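Quick note on labels: first sequence line is chain A, next is B, and so on, each numbered from 1. Heavy atoms only: backbone and side chains are in, while hydrogens, waters and symmetry mates are out. Only a predicted model underlies this, so the values are computations on that prediction, with no experimental measurement involved.
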There are 2 protein chains.
Amino acid sequence: MVKYPGGYQKNNNNQSLARGKSNLGKGLEDDINKTNEYYLVYDLAVVHKKPTTIQVVNVRYPNRKMAEITKAFYTTPSTTDYNGVYKGRAIDFEAKQTSSTTSFSFSLIHDHQIEHLQKVINHHGIAFIIIRFSTLDETYYVEAQKVINLYFQKRRSIPYKWFLENAYLIPYSLTPPIDYLKVIDQLYFKGDTDGKQKWKLRWN
Amino acid sequence: MVKYPGGYQKNNNNQSLARGKSNLGKGLEDDINKTNEYYLVYDLAVVHKKPTTIQVVNVRYPNRKMAEITKAFYTTPSTTDYNGVYKGRAIDFEAKQTSSTTSFSFSLIHDHQIEHLQKVINHHGIAFIIIRFSTLDETYYVEAQKVINLYFQKRRSIPYKWFLENAYLIPYSLTPPIDYLKVIDQLYFKGDTDGKQKWKLRWN
């Protein structure tokens, strides 16, 4: 049985029809960028994609005020792609998609991204992974800790069925495409039903 | 500011700082990177510098597994340089240094960085600016809101004397060079004297 945060009902309105499956490669990234922009415009959260990590080798200066990079390479990122702030809390996540219909391979996540997510959790940040099964057109919110636990069991992949039990399906909509804050609200801010209550950080 | 092809912007103070006065510009950045690494190693916080924003124009593929960027430009970042998580809270800051001994010029901060810091504050993140008067060898922690308030008073600069009254001098040490978490502890976590108490997020 698929979990639905907050009594969500599965939106069966032909997600694949609504969106099309033409640009699978950039699809998830675009959807998340649009979502973050929506959150920013409607002042719900401040989340940004980190710039791609690039190692610059050569730079030339055609004139005094201009720098042109003439040789550079993409490097492996040491953290996740997205982070920001929501209701005071640090949120941090990675987004991955797979065309497989049966499993999600751990080869899609870097070791240091796993380490990074664990650190964020240790420091009480909200860490998760958004995983899209692009062929099935299903996008899941998965708490990072659950994925990390499987990772340390030396699994090579996570079966699709595992997601049905352990992850949260994020219904596709247009405003915004991937409304992951709804899942966060259910998991971390249940008392905040109208979104208007003030939070307080208190110490035991 | 005039926009140039490739997203390059002329008169970018940051870049001329980073380039022309490279030693000056890198000193503070190095100190902060070392500090963040110290925090990471001793498991005190998870803070990273965001990669430099670069717009890639041309890429060539010398072989199937290699991508070499042959033309790219530095672009103006839309957020601050540093962010992360400390005791669950999102922290977000920018670091700037000036060789002036009398004032800090607002030309060193981009408009959208001011906007970004305001958004982080609105969402209850901990937002600040680390400002170094390099000639005086003094590094200050300034709450972002105070700087933003002056910014909206259309000030062109902030007098050095203002910092003595309104900012927090961060003593230089080796472990770590710029111990800004100490200031954050005083401002936001006063109850947490031994750093071991557990926090709780509660709703009014």
Side-chain angles (χ1 to χ4, degrees), chain A residues 39-40 43-48 50-59 61 63-75 77-79 83-92 116 118-127 188-193 197-204, chain B residues 4 6 8 10-12 15-16 18-20 40 43-46 48 50-54 56-57 59 66-75 77-79 83-92 116 119-120 122-127 188-192 197-204:
Chain A
Y39 290 158
L40 211 56
D43 204 25
L44 299 167
V46 184
V47 184
H48 288 277
K50 288 193 189 176
T52 310
T53 52
I54 290 173
Q55 186 181 12
V56 175
V57 179
N58 282 334
V59 182
Y61 303 95
N63 61 57
R64 280 183 61 191
K65 294 199 169 175
M66 192 174 181
E68 183 187 334
I69 297 159
T70 54
K71 189 172 188 174
F73 296 95
Y74 294 103
T75 54
S78 59
T79 63
N83 72 357
V85 51
Y86 180 54
K87 293 178 179 173
R89 296 284 291 274
I91 71 172
D92 195 299
H116 173 73
Q118 184 63 67
K119 280 176 190 155
V120 170
I121 295 166
N122 294 349
H123 289 276
H124 311 292
I126 296 171
Y188 298 91
F189 302 98
K190 262 203 164 165
D192 179 37
T193 44
Q197 287 162 298
K198 285 191 180 170
W199 60 272
K200 264 197 183 174
L201 206 56
R202 286 194 196 145
W203 298 87
N204 281 335
Chain B
Y4 284 81
Y8 189 77
K10 217 175 172 182
N11 291 328
N12 185 324
Q15 286 177 16
S16 49
R19 215 168 56 225
L40 212 57
D43 204 24
L44 299 167
V46 184
H48 287 276
K50 289 194 189 174
T52 310
T53 52
I54 290 172
V56 175
V57 179
V59 182
M66 194 176 179
E68 183 187 332
I69 297 158
T70 55
K71 189 173 188 173
F73 296 95
Y74 293 104
T75 55
S78 60
T79 63
N83 73 356
V85 50
Y86 179 54
K87 294 178 179 172
R89 296 283 292 274
I91 71 173
D92 196 299
H116 173 73
K119 280 176 190 156
V120 170
N122 294 348
H123 289 276
H124 310 292
I126 296 172
Y188 298 91
F189 302 98
K190 262 204 164 165
D192 179 37
Q197 288 163 297
K198 286 190 179 173
W199 60 271
K200 263 198 181 174
L201 206 56
R202 286 194 195 145
W203 298 89
N204 283 334

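Listed by chain and residue number, A/Tyr74, B/Val56, B/Tyr61, B/Ala67, B/Ile69 satisfy the side chain to side chain contact (heavy atoms under 4.5 Å, CB included) test with B/Val59 (two or more places apart in sequence, or in another chain).
Residue contact with chain A, scored on non-hydrogen atoms closer than 4.5 Å, is absent for B/Ile126. Residue B/Thr53 touches chain A through both its backbone and its side chain, counting heavy-atom pairs closer than 4.5 Å. With a threshold of 4.5 angstrom between heavy atoms, A/Thr75 does not approach chain B through any atom at all. Looking at A/Ile121, there are no atoms closer than 4.5 Å to chain B (heavy atoms on both sides), in backbone or side chain.
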Can A/Tyr86 and A/Tyr188 be said to form a side chain to side chain contact (heavy atoms under 4.5 Å, CB included), step by step? CA-CA 11 Å; A/Tyr86 180 54; A/Tyr188 298 91; over 6 Å; no
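Annotation for A/Ala90 and B/Gly84: closest pair CB-O, 4.0 Å, computed over non-hydrogen atoms.
Under the 3.5 Å distance criterion, with hydrogens and angles disregarded, a donor-acceptor pair is assigned to the side chains of B/Asp92 and B/His116. No side-chain donor from either of B/Asp43 and A/Asn122 sits under 3.5 Å from a side-chain acceptor of the other.
By number of non-hydrogen pairs under 4.5 angstrom with chain A, the leading residue of B/Ala45, B/Ser78, B/Pro51 is B/Pro51.
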